[in-house]
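What follows is a set of notes on a single structure, which appears directly below.
We name chains A, B, ... by the order of the sequence lines, and we start the count at 1 in each one. Side chains included, hydrogens not; waters and symmetry mates left out as well; all remaining heavy atoms used.
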Amino acid sequence: MFFKYFNNQRKQQNNQLNQSEQEDFKVQLFRTIDENIENIKKLYDSPDDLITRKFTIGNTNQECAIIYIAGLTNKTVIDNRIMQSIQIESVESGKNVEVKGDALLNTLHEKVLHSSVSKVVNNLDEVSLAILSGDTALFVNGTDKVLILGTKGWENRSIEEPISEGLIRGPREGFIENIRTNTVLVRRRVRDSNLRFKAYQVGRRSKKQLVVSYIEGIVNPDLVKELNRRLESIDLDDAPESGYIEQWIEDDFLSPFPQLSHTERPDKVASALDQGKIAILLDGTPFVLIAPMTFGNTLQSPEDYYERWIVSSLIRYLRYVAAFIAVFLPSLYIALVSFHPGMIPSKLAFSLAATREGVPFPALIEALLMEATMELLREAGIRLPKPIGQTIGIVGGLVIGEAAVRAGIVSPVMVIIVALTAIASFSMPSYGMALSFRMLRFGFMLIASVLGLYGIILGYIALNIHLVNLKSLGVPYSAPFAPSFYGDWKDLVIRAPITMLTKRPKYTQTGDTERMDNKGGNST
Amino acid sequence: MKSFEYGDGEIGHTEIFYAVASMVIAIGILNLPRDLAQATNYVDGVFSLIIAGLFAILFTWMIASLAAKYPKQSFYSYTASLISRPIAFVITLGLTIHFLLFVAYETRMIGVIAAHYIFDRTPIEVASFSFLMLIVYAVSGSHVGILRLNLMFLPIIVLIAITICLMNLAYFDTENLSPFFTTDLKGYWKGVQESYFSFSGYEILLFYIVLMNRPKKAPKFAALGMIIPVLLYATFYVITIGVFSYDTTQTMVFPTIELAKEVEVPGGFFERLESVFFIIWIMAIFNTAAMAYDVSLLAARSIFKKVKKKTLIFIFSPIIFLAAMFPQNLNEIRTMATYISYSSLFVVVFIPIVLLVIAKLRGIKGSE
């Protein structure tokens, strides 16, 4: 259905093209190869990288032609497997290549060519898509059918350690831009016959491959159905990155929070699949989407499960504190300094007042100045080449901070707070959530400067109202806190020992709830 | 395979349990010790409080079983089948107004307490207005969303309450409690009245049980939910009397918040814990007000079926704000509170009893 839709779309466009620019171009396949070659050349407007090669089979006068795009294909395969098989081996091994048209094509397909990826098509759209994807089209004189041979092959980045999600302990593999490699990375971790890869095609123009992956029997079928519905509604020209998909299928585009998580780590995807979640892989990007996600997920890191549980639990608490600091610290400072100085212990209040002595601005302006500088530095750090990036860090962090204090523009305490906030927000395992926190921080700073602590708590409540109404693929974002699934808390409030995490999370409403036997492990 | 149980706007018994507890825990406790101390001697108030609590638990159970009798039916539809459409209309409208007044009272009290403990210069109107806006935002979402907020906030609220109680144990003087049983019966009765009013709010059950997927469990869990505030209030009362003695308590405006003031955080991390306590308590008050507003919308929408929720919010919110700003001083606010309490008494005692009796007499059974 999906493909048909796209084909129709394409036909309409082609028809328009047909009328306007290329008047002789026809959306059909011809019976003679010359006509076909001419037609396809017109279709692409004869680019340099379109290779058309006409030849005859062995010593017969059967005319054939192959068409492919240079660079997208593996030339060795074409030369050694296709050309050699057809021209030399077919005759030598006595295959019947005297027949005409369809019969010849079938003989070539079934007897001569020993390529495992090949198919016969009779539709120009499919031929064109195959050529553009790096396959080779084999035309035979006298038939309007075309043999498509799998010859995809182009340069890939090698599998490297994911940059955005570094770990001390854990696999060093990361996804790359090639979807085949990525599905392999997932398959190598989940050797389950129930692992499903469901292919879609997105992008009117780019026709990118998108693969939805889940484990049948664990995943809730309703989730898959809902995701399917949303994916089929996608109508884009191109999806250069999975972010496009994420934004198209997310539940609430006004929310400050990401509603699908993304990762570069195959191990994270594998464990998500085990939890009854769905992974969405897109060709051309190493970032794989995982749905559904909940707020609690954003503060979990794969390493939590690789280290021992006590350490992991404590580190998780540290992260909760970091999240709190990243969002609330500057606003608390503003509220305390400008509204409730009485709440600060008196000794500290005196020294605070002393440091703020020469500062000409109210706390909000002071905080905004420093925070804006910090954000600028961070942004500049991403753009700059790596060696200069460090210099900027030093120049920005040390020199500007120090100089701003000396110049009396900001107080030293403010510098400490901004630095703490920045460090805290860098410690978030989810980059998307760290971005949301950055944004929310400014909101809280503004409301704190108007209503003080009262404003902060109102903002906090408003945030919670938003969270309980937010959904990720229909699953409540605030689960398992509200609605409460107490069983899931042992992987949220603490990271319970692996032997005790026997159940899959309840909020994904899995088919198979048991993760392992209760008897697992030595400790029990 | 079941479809998403939480996706379709249904709630379970946990939500009901939390809803009752969160609805009751609000402003009431902040000045209850003063009112009780004025009515009774020494720590005798706690007996009144427990008696009132038992009454409240009983009524909660009654209301819940009434509503659970008619699963998936709105209050208006089953009252209409019991006592004719026009009377049901009047009662539901009355309930709508009752809950709107409830919201107005909470909104005003937030302003008053905020002015008392956090702000000195910001006008009450600003604090109340921003609070009301927050509630409007909450009720614009789903009913289930509001009930889930209880799950998130109640643990924090109970935790801070217990912390305050524990930290005050250092100042607790058992001599302040005795002698026991010095109050006359009239005093006890007044105490029961005062404390009963602070337990009001569970009439929301009349409307929320419709959303439950298995309403049979409702009475049990609603009654259990009621136990939390009863225990919490009793503990607070004993501690307040033990720390301040009963004649000092009489003179305080918000004795419970003053309790937080006594506490010194070890290490001098921050001072004036009462502000922090109040800040956290805003969550409790918010839960109560949001649920009251939500229920009034549920009630109004059951009788005016064609009016959109947003339209109702647009009409109700200015009315709430005006009603909240109407009382001129603390005394007038207290009068307002008393009226609400009486109407609450009427709602939770009179209506359910009459309805239950009529249901028995006319033999109308809900679809089990």
- Pair A:Q275, A:Y507: side-chain N/O donor-acceptor within cut-off below 3.5 Å: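 Side-chain D/A pair, A:Q275 to A:Y507: absent.
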- May I ask you to decide if A:R495's main-chain N or O and A:S313's side chain share a donor-acceptor pair within less than 3.5 Å?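 At least one qualifying donor-acceptor pair exists.
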- Do A:R319 side-chain atoms and A:L299 backbone N/O form a donor-acceptor pair below 3.5 Å?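 Such a contact is found between A:R319 side chain and A:L299 backbone.
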- Item | A:N469 portion near chain B, given a 4.5 angstrom heavy-atom threshold |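 Answer is side chain: those atoms of A:N469 sit under 4.5 Å from chain B.
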- Using non-hydrogen atoms only, which part of A:Y477 is less than 4.5 Å away from chain B: side chain, backbone, both, or neither?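 No part of A:Y477 comes within 4.5 Å of chain B.
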Counting only non-hydrogen atoms closer than 4.5 Å, does [X] touch chain A with its backbone (N, CA, C, O), its side chain (CB onward), both, or neither?
{"X": "B:T14", "answer": "side chain"}
{"X": "B:I110", "answer": "side chain"}
{"X": "B:Y18", "answer": "side chain"}

- Can you tell me if NZ on A:K490 sees more than 12 non-hydrogen neighbours from other groups inside 6.0 Å?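 Yes.
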- Message: For A:Y486, I'd like to know if atom OH has over 12 heavy atoms of other residues, nucleotides or ligands within 6.0 Å.
- Response: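 More than 12 heavy atoms, drawn from other residues, nucleotides or ligands, come within 6.0 Å of this atom.
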- Message: One thing to verify: whether A:D491 and A:R316 come together as a salt bridge, which I'm taking to mean a side-chain N less than 4.0 angstrom from a carboxylate O.
- Response: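 A salt bridge links A:R316 with A:D491.
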- Item | salt_bridge(A:D251, A:R230) N-O dist < 4.0 Å |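 Salt bridge between A:D251 and A:R230, a charged N being under 4.0 Å from a carboxylate O: yes.
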- Message: If we define contacts as heavy-atom pairs under 4.5 Å, which of A:L453, A:I457, A:L467, A:I465 has the most with chain B?
- Response: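 Highest number of pairs under 4.5 Å: A:I465.
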- Message: Counting only non-hydrogen atoms closer than 4.5 Å, can you tell me which residues of residues 278-289 of chain B sit against chain A?
- Response: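 Interface residues of residues 278-289 of chain B: B:I279, B:I282, B:M283, B:F286.
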- Leading residue by heavy atom contact count with chain A [cutoff under 4.5 Å; candidates B:A114, B:S140, B:A127, B:G12]: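 Of B:A114, B:S140, B:A127, B:G12, B:A127 has the most heavy-atom pairs under 4.5 Å with chain A.
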- If the plane angle is over 60° it's perpendicular, under 30° parallel, otherwise tilted; pick one for A:Y460 and B:F153.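 Rings of A:Y460 and B:F153: tilted, as their planes differ by 30° to 60°.
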- Item | Worked verdict on A:K277 versus A:N297 for side-chain hydrogen bond (donor to acceptor under 3.5 Å, both in side chains) | CA-CA 12 Å; A:K277 296 183 184 175; A:N297 289 151; 3.0 Å; yes
